[in-house]
Colleague: 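Encoded as structure tokens, here's the structure I'll be asking about.
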Amino acid sequence: MDLDLAQVRAFVRAAEELHFGHAAEELSISQQALSKRIARLESRLGMRLLDRGGQGVRLTEAGRRFLEPARQALAAADLAVTAVLDAHRPLRIDVWGHLYAPLRTLAQVATGEPRLELGHGRDLPSVVAALLHGDIDAAFGRVHAPLPAGLTHRLVRLEPVDVIFSADHPLADAPAIRPAQLRDSVLWTPGALHRLDFLHRFAESFGIRDRAEGTNLGLDHFLADLAADARRFSLLPADVPLPPRPAIRSVPLVSPTPLYAWSLLWRGDGGPPLLDGLVSAFVAEAERNRWLEYDPVCDWLPERHLPPALDVQGTQNPPTSRR
């Protein structure tokens, strides 16, 4: 049986949105055209894939069985088209965790090929949706939740995290600080703590009970609010460049040192050819800069299970000690 990929794409988008109006808008077609494509697909298959009624749209049992193979068929078709038509286009990659400056690492890795077309995702869920829809080829940031089937991520950098606070904070002149010493301070967060997984797990792990929430309006605004209260502190990766600001101190954390885990994320069907070049660049840079060294005695990671890393061949390999 030959399938019409336009009909398959209409079904997949409707199954993901569970709303014909939203799916039609995503595909830039009318709702009537979407309904006709799905009806023709159901007629060809001889069974209903979606139920449409007063309770909204829902998948039938046949629709649930058809959905994942249909996604794989579309992904294979997209790859075939990409191999022929888009061999020279830039690699589309989103980043997230913007306050922690993910572009620092990307700029260090992607100095030549592959060419990158950068986007800015809001958060991990928005980036996952963009990947599943084929709007981007890859993504870079911290993966802290289970991913849907069809996506792959690999740990590429473990970055030590420093504590930052006002120059008037009681610990501002210390050469190094243990996380436990921050229990009497106030954790200042750029948004609701429950949405900031790394800071939330740090607070829970080290008994930081006092928290205050701000708004993420960029690093300058965040630091100004931090400096306004001598009891506040926050965390930033050690390599984040801080603007000149005499009212702010950055101090290393030790015993243990928190590590921020950066990962590369892509669709498991392999993606465009340029993706291989980006992965190879990350492998080489991680080796050169010892980005994946880790000592469970001296370092702290919030992940319950350490995500797989890339060795020099690009296969899974556990991080190694940097001490």
Side-chain angles (χ1 to χ4, degrees), residues 97-102 104-105 124 141-145 155 157-214 216 219 222-242 245 247-263 289-307 309 318-323:
H98 303 292
L99 196 68
Y100 285 7
R104 293 173 298 118
T105 299
L124 178 59
R142 179 170 176 268
V143 175
H144 55 80
L155 179 67
R157 184 177 188 182
L158 294 173
E159 186 173 6
V161 169
D162 289 349
V163 59
I164 56 171
F165 35 41
S166 163
D168 296 325
H169 191 282
L171 298 172
D173 294 324
I177 294 171
R178 289 177 289 106
Q181 292 178 262
L182 297 169
R183 287 175 182 164
D184 295 330
S185 299
V186 178
L187 175 60
W188 179 243
T189 65
L193 185 60
H194 71 276
R195 299 184 60 188
L196 303 170
D197 182 79
F198 183 82
L199 293 176
H200 182 262
R201 294 204 191 188
F202 179 88
E204 293 296 313
S205 295
F206 297 105
I208 313 298
R209 295 182 176 83
D210 294 332
R211 299 97 179 256
E213 297 175 356
N216 188 359
L219 185 59
F222 179 69
L223 294 178
D225 285 345
L226 183 69
D229 187 333
R231 292 189 62 223
R232 291 176 182 171
F233 78 93
S234 196
L235 306 179
L236 282 180
D239 287 348
V240 171
L242 296 179
R245 188 179 291 275
I248 291 293
R249 295 287 186 273
S250 176
V251 179
L253 285 168
V254 297
S255 301
T257 296
L259 301 177
Y260 195 83
W262 298 100
S263 288
N289 294 285
R290 303 168 63 187
W291 276 352
L292 293 175
E293 295 181 348
Y294 167 70
D295 186 337
V297 175
C298 302
D299 299 325
W300 175 82
L301 279 167
E303 283 72 19
R304 293 185 181 89
H305 302 288
L306 194 64
T320 56
S321 173
R322 57 190 167 91
R323 292 175 178 81

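Numbers here are sequence positions counted from 1. All values below come from the heavy atoms of this structure, side chains included, with hydrogens, waters and symmetry mates left out.
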Colleague: Would Trp188 and Phe222 count as a side chain to side chain contact (heavy atoms under 4.5 Å, CB included) if you check the C-alpha gap in whole Å, the side-chain angles of each, and the deciding distance to 0.1 Å?
Modeller: CA-CA 9 Å; Trp188 179 243; Phe222 179 69; 3.3 Å; yes
Colleague: Using 0.5 Å steps for rounding, measure from the CZ atom of Phe198 to the CG atom of Leu259.
Modeller: 7.5 Å
Colleague: Between Ala230 and Ser166, what is the shortest heavy-atom contact and its length?
Modeller: CA-CB, 4.2 Å
Colleague: Report, one line per pair, each donor and acceptor closer than 3.5 Å where one atom sits in a side chain of residues 173-186; sequence neighbours left out.
Modeller:
from	atom 1	to	atom 2	distance (Å)
Gln181	OE1	Arg178	N	2.8
Arg183	NE	Phe206	O	3.0
Ser185	OG	His169	NE2	2.8

Colleague: List for me each residue that meets side-chain contact (heavy atoms from CB on, under 4.5 Å) alongside Leu236, sequence neighbours excluded, and say none if there are none.
Modeller: Tyr100, Ile164, Leu219, Val240, Leu242
Colleague: How far apart are the closest heavy atoms of Ala203 and Arg211, and which atoms are they?
Modeller: CB-NH2, 3.5 Å
Colleague: CG/Leu155 to CG/Leu292 distance, rounded to the nearest 0.5 angstrom?
Modeller: 5.5 Å
Colleague: Check salt bridge (Lys or Arg N to Asp or Glu O under 4.0 Å) between Asp168 and all other residues, then give those that pass, not counting sequence neighbours.
Modeller: none
Colleague: With the side chain counted from C-beta on, respond yes when Leu301 and Leu158 share a heavy-atom pair under 4.5 Å apart, and no when they do not.
Modeller: yes
Colleague: With sequence neighbours left out, what residues match Arg249 under side chain to side chain donor-acceptor pair (under 3.5 Å)?
Modeller: none
Colleague: Given side chain to side chain contact (heavy atoms under 4.5 Å, CB included), test His200 with His144 step by step and report yes or no.
Modeller: CA-CA 12 Å; His200 182 262; His144 55 80; over 6 Å; no
Colleague: Please list all pairs passing the side-chain hydrogen bond (donor to acceptor under 3.5 Å, both in side chains) test where one or both residues lie in residues 223-239, with sequence neighbours left out.
Modeller: Arg157-Asp239, Asp210-Arg231, His221-Asp225
Colleague: Tell me every residue that passes side-chain contact (heavy atoms from CB on, under 4.5 Å) with Ser205, counting only those two or more places apart in sequence or in another chain.
Modeller: Trp300
Colleague: Using the side-chain contact (heavy atoms from CB on, under 4.5 Å) criterion, which residues pair with Ala192? Sequence neighbours excluded.
Modeller: His194, Arg195, Glu213
Colleague: Taking Leu199 as the fixed residue, which of Ile208, Thr189, Val161 is the one that meets the side-chain contact (heavy atoms from CB on, under 4.5 Å) rule?
Modeller: Thr189
Colleague: Which residues pass the side-chain contact (heavy atoms from CB on, under 4.5 Å) test with Pro102, sequence neighbours left out?
Modeller: Val95, Phe140, Trp262
Colleague: Under the side chain to side chain contact (heavy atoms under 4.5 Å, CB included) criterion, do Asp197 and Leu124 qualify, and how do the steps go?
Modeller: CA-CA 11 Å; Asp197 182 79; Leu124 178 59; over 6 Å; no
Colleague: Looking at every heavy atom in both Asp299 and Pro256, which two are closest together, and how far apart are they?
Modeller: C-CB, 3.8 Å
Colleague: Just to verify, what does His98 make a ring pair (Phe, Tyr, Trp, His ring centres under 6.0 Å) with, not counting sequence neighbours?
Modeller: His120
Colleague: Do Phe202 and Pro302 touch side chain to side chain, with heavy atoms closer than 4.5 Å?
Modeller: no
Colleague: If we ignore hydrogens and angles and just use 3.5 Å, is the side chain of Asn289 paired with the main-chain N or O of Trp291 as donor and acceptor?
Modeller: no
Colleague: Is Leu235 close to Tyr260 at the side-chain level, that is, under 4.5 Å between some pair of heavy atoms?
Modeller: no
